[in-house]
Amino acid sequence: MEEYEHTSPSYWQSVGMAAVGLGFLSFILELMLQYFQLSAEGSTGGLIVSTVGSVAVCLFMALGGLIAIWHYAKTYNLTLSIGRGALIGFFTGVGLVIVSVVLSQMWTLIDPDLNQRMMESMIRTYEEMDIPEEFKEQLIDATAAEVEDPSILMSVLSQIPVSGILNLLSGMLGVALFAREKQGDNV
Amino acid sequence: MNVNLQHTKYYLMVLILGMIVVVLSLGSGLYPRLGGMWQYSLFGEVCHQNPDRSFFIGDYPMAVCSRCFGFYSSFAAAWVVVPVMGTFIQKSAAFYGKLLAIVLGIIAADIVLNSLSFWINTNLSRFFTGLLLGLSVAFAIGSQFLTSK
């Protein structure tokens with residue numbers, strides 16, 4: 001395998017591919033879950049599908065770094081340092097959030113009422129939950145505020161820290177699984 | 001065989017980030033006077049945050065579900081001990097690939113069997129499956145930080 005220090009091809013194609021691909025997938029899955037939740041509100045089936053689906057969305061959001069490293073290492077037949085893996089993973093996490101948020105905002109042009117209906121559905125769900133009243137009110141207020149004052153910038157900024165960290169870790173994991181330098185393999 | 005920690009700068013970065021994420025994932029139960037829902041917004045896209053499936057601190061559910069909290073907390077705890085794990089965690093990429101596949105299989109089985117009513121998972125069982133994933137990921141990444149003399 002070539003060492004990346006000697007020839008270091010650009011990783012942006014891999015970052016872009018993983019960010020756009022997984023951002024699009026998580027957007028589509030989340031959209032499907034929202035429509036399913038609205039149509040099956042209150043049913044046990046609705047709860048099951050939304051739980052399973054949300055785990056899948058979480059996986060898509062966290063695995064960007066791993067996929068980007070896999071693509072980069074396989075395309076150029078490279079081994080990578082752990083720091084470069086972290087960097088590629090972090091950039092992928094940021095890109096993934098931007099793609100997902102922008103697509104979600106664009107969908108509001110196609111179905112402007114979706115967010116409003118989702119808010120009402122979520123508030124009904126919260127009201128039925130056995131949680132303290134004070135927290136319930138905070139939850140409802142926060143949900144309403146997000147819908148009444150949607151901001152792409154705020155959505156992106158609030159999601160980047162955790163998504164960035166998770167993808168930074170999955171980028172490092174990608175190095176450990178697909179592009180590790182020699183020594184670890186031999187032990 | 002002696003084993004040394006390498007990439008110390010990145011090790012510390014992950015340690016600090018891991019600790020910050022664990023504290024944030026606790027939600028507002030530890031510091032209710034600060035109030036607000038900002039911790040919950042941070043994790044909104046990566047966790048369903050269903051209070052029925054979350055641990056509570058006081059009157060407040062954590063900002064993540066019990067499975068996610070199992071992942072974050074065990075990752076941080078395992079990361080702390082990576083430097084003293086020595087050759088125990090120095091395994092091949094193939095070993096960690098298989099380990100992660102098994103752990104993800106256990107999580108998938110927990111979710112699917114619960115959905116089909118063959119098994120009822122609890123906050124504790126969900127926490128345990130998250131814990132397995134956190135340990136596996138921490139040791140897989142951590143193995144890259146150790147070098148044999």
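What you are looking at is a predicted structure, and each value in this text was computed from that prediction instead of being measured. Every chain is numbered from 1 and lettered A, B, ... according to where its sequence line falls, protein lines coming before strand lines.
Two residues are said to be in side-chain contact when any heavy atoms from C-beta on lie closer than 4.5 Å; V97(A) and M61(A) meet this criterion.
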Criterion salt bridge (Lys or Arg N to Asp or Glu O under 4.0 Å) on K136(A) and E133(A), from CA distance to verdict
CA-CA 5 Å; K136(A) 195 181 284 185; E133(A) 281 304 317; 3.5 Å; yes

Full working for side-chain contact (heavy atoms from CB on, under 4.5 Å) between L22(A) and T92(A):
CA-CA 10 Å; L22(A) 289 175; T92(A) 307; 5.9 Å; no

Please determine whether ring pair (Phe, Tyr, Trp, His ring centres under 6.0 Å) holds for the pair Y40(B) and F135(A), giving the CA-CA distance in whole Å, both sets of side-chain angles, and the decisive distance to 0.1 Å.
CA-CA 12 Å; Y40(B) 300 86; F135(A) 183 73; 5.4 Å; yes

Step by step, work out the side-chain contact (heavy atoms from CB on, under 4.5 Å) result for L80(A) and F178(A).
CA-CA 9 Å; L80(A) 296 172; F178(A) 307 122; over 6 Å; no

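Residues meeting the ring-ring contact (aromatic ring centres under 6.0 Å, His included) test with W12(A), sequence neighbours left out: F91(A). Residues meeting the ring-ring contact (aromatic ring centres under 6.0 Å, His included) test with F55(B), sequence neighbours left out: F127(B).
Contacts of I165(A) with chain B are made by side-chain atoms alone, with heavy-atom separations under 4.5 Å and no backbone atom involved. Using a 4.5 Å cut-off between heavy atoms, L168(A) touches chain B through its side chain atoms alone. L100(B) touches chain A through its side chain: at least one heavy atom from C-beta onward sits under 4.5 Å away, while N, CA, C and O do not. Contacts between L139(A) and chain B at a heavy-atom distance below 4.5 Å involve backbone atoms as well as side-chain atoms.
Among the residues in residues 62-76 of chain B, those with a non-hydrogen atom closer than 4.5 angstrom to a non-hydrogen atom of chain A are F71(B), Y72(B), F75(B). For a heavy-atom cut-off of 4.5 Å, chain A lies close to M13(B), V14(B), L17(B), V21(B) in residues 11-26 of chain B.
Between chain B and the options G85(A), S163(A), S155(A), S158(A), the largest number of non-hydrogen pairs under 4.5 Å is found for S158(A).
If you run ring-ring contact (aromatic ring centres under 6.0 Å, His included) between F145(B) and each of F139(B), Y10(B), W79(B), only W79(B) comes through.
For the 3.5 Å distance criterion, the side chains of S14(A) and H71(A) qualify, holding a donor opposite an acceptor.
A distance-only check finds a donor-acceptor pair linking the side chain of S54(B) to the backbone of N50(B) [under 3.5 Å].
Contact record, L96(A) with A19(A): N-CB, 3.6 Å, taken as the closest heavy-atom pair.
Residues Y72(A) and Y76(A) bring their aromatic ring centres within 6.0 Å.
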